[in-house]
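Here is how names work: the chains are called A, B, and so on, in the same order as the sequence lines, proteins then strands, and each is numbered from 1. Just so it is clear, the model here is predicted, and its values are computed rather than measured.
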Amino acid sequence: MPLPPRRLALASFVLLGTIAAALGAPPAHAGQTAQPLQPARGDARARPGSERELSVDEQARHVLNRLAFGARPGETARVEAMGVDRWIAEQLQPERINDRAMDAVLARYATQSLDAGELLRAFPRPAAIAAQARIRADSSAERVDSTALRQAGRQNRQFVAELMSARVARAVGSERQLQEVMTDFWLNHFSVFVGKGQLRYFLPEYERETIRPHTLGTFRDLLGAVAKSPAMLHYLDNALSVSDSTSPTLATRDEANRQRRVQGAIQRRAASMSEADRARVEALQARRPKGLNENYARELLELHTLGVDGGYTQHDIVEVARALTGWTVRPPRAGAPEFMFNRGAHDAGEKLVLGTRLKAGRGIEDGESVLDLLAGHPSTAQFIARKLVVRFVSDSPPPALVERAAATFRRTDGDLREVVRTIVTSPEFFSRDAYGTKVKSPFEVVVSAARALGAQPDTTAVSALLVARLGQPIYGHQAPDGWPETGDAWMNTGAILQRINFGLSVAANRMPGARPRAWSAYAGLRAAPRDGQVAAVIDAFLGGRASAETREILSSGENPFLERQVDSAAAMSDEELLQGMAAGARANGVGGAGGAGPPPDENNRRTPPRPLYQSTADRRAALRNGVLSSPTTLTGLDQVIGLALGSPEFQRR
Amino acid sequence: MHRRIFVRSGALALVTLGLSPYFLRRTAFAAELPRARRGKVLVCLFQRGAADALNVVVPHAERAYYRLRPTIGIARPSRSDAASALDLDGFFGLHPSLQGLERLYRDGLLAPIHAVGSPSATRSHFDAQDYMESGTPDLKSTRDGWLNRYLAVSGTCEACEPTPFRAVAMAAQTPRILDGPAPAVAMSSLGEFRVRGTGTSIDRLEALYRTGSADLVHASGQEMFEAIKLLKSADPARHAPRNGAAYPRSQFAQRLREIAQLIRSDVGMEVAFADVGGWDTHVNQGGGTGQLATRLRDFGDSVSAFVTDLGDRMDDVVILTMSEFGRMARQNGTGGTDHGHAGAMFVIGTQVQGGRVHGRWPGLEPEQLHEGRDLALTTDFRAVFSEVLQRHLGASDLSRIFPGYDSHRLDWPGVLRPG
């Protein structure tokens, strides 16, 4: 299978705005869902247009800040022109939105269409390489060249950098903005960590096939996809969870006998092995799963469905874990590393989950029943509804809206599109209290800045690095609870400093694709009076919202400002961050010493996909050109932009 | 209006916005610089990747050791062999790269603890680091790190001025061990902790955050500008290394040097953290020389330079080193070691019962090994953490810092003199 050709140059990029303009004419079907929008059944209070405290202009800005990652140049006017409700309805049907320009950008990411098996072949993991080296060392006493191995080992993580880069690029460039917002939300709700073991190989699939297809589908489908994803099975250890020895399993007598034979053979062979070989066999045996692992079951109840106060007990956790035994990932030697149900590991006894009895002797149905129970549980409706209201409306979610969203969840069997519709067409959503009050996450800070400038998606790793720099490395949250959805967690001494410095860097043309000079209004404003510049910048970057004081400070003076300062310490940490980001190595520090790289794979004759950065020199070049090194002198319009991006108003949406 | 009152009343206004009392507490930084203060400091150093404890603190009197490690074992102490172990007590020796640490041991400042670590059986770097930082082995649902829980539980003393620099991670991002509700500052370097502009720009940006709105964002911004001023006036960079301390040129050494500067600057730092990777030596780790030797030289020289640099100030400081687990007792087929179980830690300071190796040694004979392959565990890491937090920092509520762990003094390794 040939891989798509790689084109790194951005030159041929089709301006998304062109496509967007072409989209102005609604697709034929859009008329059915738009203007006037039918109120959702039994939800008359959510009738759009009524009881909205915001002006039409504010409504347009608001939806672009909450259902999208901020407005691109001219987009507020476009939404106003097409009608806020029609725009919402369109965004709720992302599959009907033309996103060809984005697809063309995504095609440049050679590794992102690969599955875990292909990635493992193209970028073998250090442990596998070390094992191969070991075999060679045994047979021919060949020395392992650790320098070469280290170098190759670094390369083998580059596809992760592509994945992170693509996340930011899509949020910046996709026309399916709500789809991107929901992807961000669900990837965070079902958070996994790139630095755990081989999890990184499962990440592209996790995002592409587990999360994205279900972001506005039904919750049960999403939950089921996550439960069967190698990424989650690996992250929360369910792949290792096997029936306790005291419980019967579903293994047939033949299977059990075979297992015994294999074990016997291993024992006999071990007797005649060299000490080193025996140690390896013992190590492998020691790694064999030994019993129940409750990790996934606990987080499934606490974080994914019912919520910590959702009304379950420790006993329920154990029973859920028992029901999910055997839900695992196929071992590499048995084919593609994907979900499989291992009957021999499944606890076949009776279970009692949240008061519901699961009969003995069942197999994969046990887990499916548990997911049905959880997805249909009123606590889940409440928990998910509340979290979505926090995301879209307010850190202090209005109880009445949470209740209505939960009711929609229950009534529609967890139809997420309808739950979101209930929330984003509600009077509470369009209330004065909600307007401009959510604190942006670092991801939102970077993406909204790029969008405000009308940036082209950045296919380098730099924008993703900036997100990490601001404190939210993509796929970099270690604990299973995901990043916080509320503002207080994002606001602290270090964070605000990074945000201010980020704004200065962007204004100094340091973010690839998002250069102020590429901003469509830039040329026209450059020679304009300061007040005119300030008004335009506040309109474009701060959604028109700025206190009188902010306006005055932006307008005051024309002092030469922001001299160039060489900061080698910062440059060093950028380099380190770039490496760390790609490797997830910040958290683990593993694979460095004695790490390993890919030897030529006899069975894989095709050229491995080329990662974005082939060498340290490439990365250095990217750093020189782009990242967070100190701004050069900012004056005039650049200065206004830098101050605006560093202002308190820009930190909110 | 007096700035300090402004910040405080701003914080009060936050109550009406439904913000957490925790945030209230941390917005109450003084606008004027706090009095110079000297307090106890704990410096935690994390060796990420699982350092090979058996080649760091070498049981050279164990015959099994040389049987298990025929080519990578560190030779028995010998004056004529520069690559041989540095004898500590006739049974254990330090890796020959750790001459700096050996000196600290001789001076009674350094206490190695052997066969210490997490009771969890995991051999996953991720899980083991997670447990070592959360302080709750085998419990993944813990959201915060134990250092942060210490900060949150112990609060700030009433008489002390609050400081933004109570907990500092010299790292690009806040490490797991400092995650949690108590404020902690992460910075890659001291030089990075500033607004990248000149005086007027800083003034202008600061003004943006002083515009009268009393909300979360403005308060955080004000707090940040106060912190920068505090750091600037404390001017840690003026503290050049003293006592002839020679730091290596590595990033790790640089970070230790800056931690020393922060300590000398009296900014109220109580907890500092830094980490260093490259310990995952599966292949060709070497013996008395080679890959691990190079790593250890940088590590040992950095730490001993730090101790030399601080001189008398070490009376206030305890350094605690940790790594997620040890490595297999037997070397593997590629001249390296695979993931194991128990490891070793160093505790360093003038209050330390140094000059002897702590912890019960379990032995390396086959029946003494954990699962027949790894150094067995005889000291729970929480016993060490508990002792250090209690005896050095005066922590009282250990059950809240290490939930589910019944910390008995009898289990403590006794590395610190009772206060």
Answer key: most heavy-atom pairs under 4.5 Å with chain B among A/Thr437, A/Asp395, A/Leu303, A/Leu236 is A/Leu303
Examine distances only and state if a side-chain atom of B/Gln173 and a backbone atom of A/Ala468 form a donor-acceptor pair shorter than 3.5 Å. yes
What are the two closest non-hydrogen atoms of A/Asn492 and B/Ser220, and how far apart are they? N-OG, 4.0 Å
Side chain, backbone, both or neither: which part of B/Ala227 has a heavy atom under 4.5 Å from chain A? side chain
Comparing A/Thr550, A/Ile500, A/Leu497 against chain B, the one with the most heavy-atom pairs below 4.5 Å turns out to be A/Leu497
Which atoms of A/Glu302 approach chain B - backbone, side chain, both or neither, heavy atom under 4.5 Å: side chain
Is the shortest heavy-atom distance from the side chain of B/Ser141 to the side chain of A/Glu294 under 4.5 Å? no
Under a 4.5 Å heavy-atom cut-off, does chain A meet the side chain of B/Ile228, its backbone, both or neither? side chain
Do the non-hydrogen side-chain atoms of A/Ser556 and B/Arg204 ever get within less than 4.5 Å of each other? yes
So which part of A/Ser547 gets closer than 4.5 Å to some heavy atom of chain B, the side chain, the backbone, both or neither? side chain
Rounded to the nearest 0.5 Å, what separation is found between the CD atom of B/Gln222 and the OG1 atom of A/Thr493? 11.5 Å
If I measure from the heavy atoms of chain A, does B/Phe46 come under 4.5 Å with its side chain, its backbone, both, or neither? neither
Under a 4.0 Å N-O cut-off, is there an ion pair linking A/Asp237 with B/Lys140? yes
Any residue meeting side chain to side chain contact (heavy atoms under 4.5 Å, CB included) with B/Val168, in chain and number order, not counting sequence neighbours: B/Phe165, B/Met170, B/Met187, B/Leu262, B/Met269
Side chain, backbone, both or neither: which part of A/Arg652 has a heavy atom under 4.5 Å from chain B? side chain
Do A/Gln651 and B/Tyr209 make a side-chain contact, defined as non-hydrogen atoms from C-beta onward lying under 4.5 Å apart? yes
Any heavy-atom pair between the side chains of A/Gln478 and B/Asp179 that's under 4.5 Å? no
Under the side chain to side chain contact (heavy atoms under 4.5 Å, CB included) rule, collect the residues that match up with B/Asp298, sequence neighbours excluded. B/Pro248, B/Ser250, B/Phe252, B/Ser302
Which atom pair, heavy atoms only, marks the closest approach of A/Asn501 to B/Arg194? ND2-O, 3.0 Å
Would you please test B/Met224 and A/Gln498 for side-chain contact (heavy atoms from CB on, under 4.5 Å) and show each step? CA-CA 10 Å; B/Met224 184 272 289; A/Gln498 298 290 3; over 6 Å; no
Please look at A/Tyr235 and chain B and tell me whether the side chain, the backbone, both or neither of the residue comes under 4.5 angstrom of a heavy atom of that chain. both
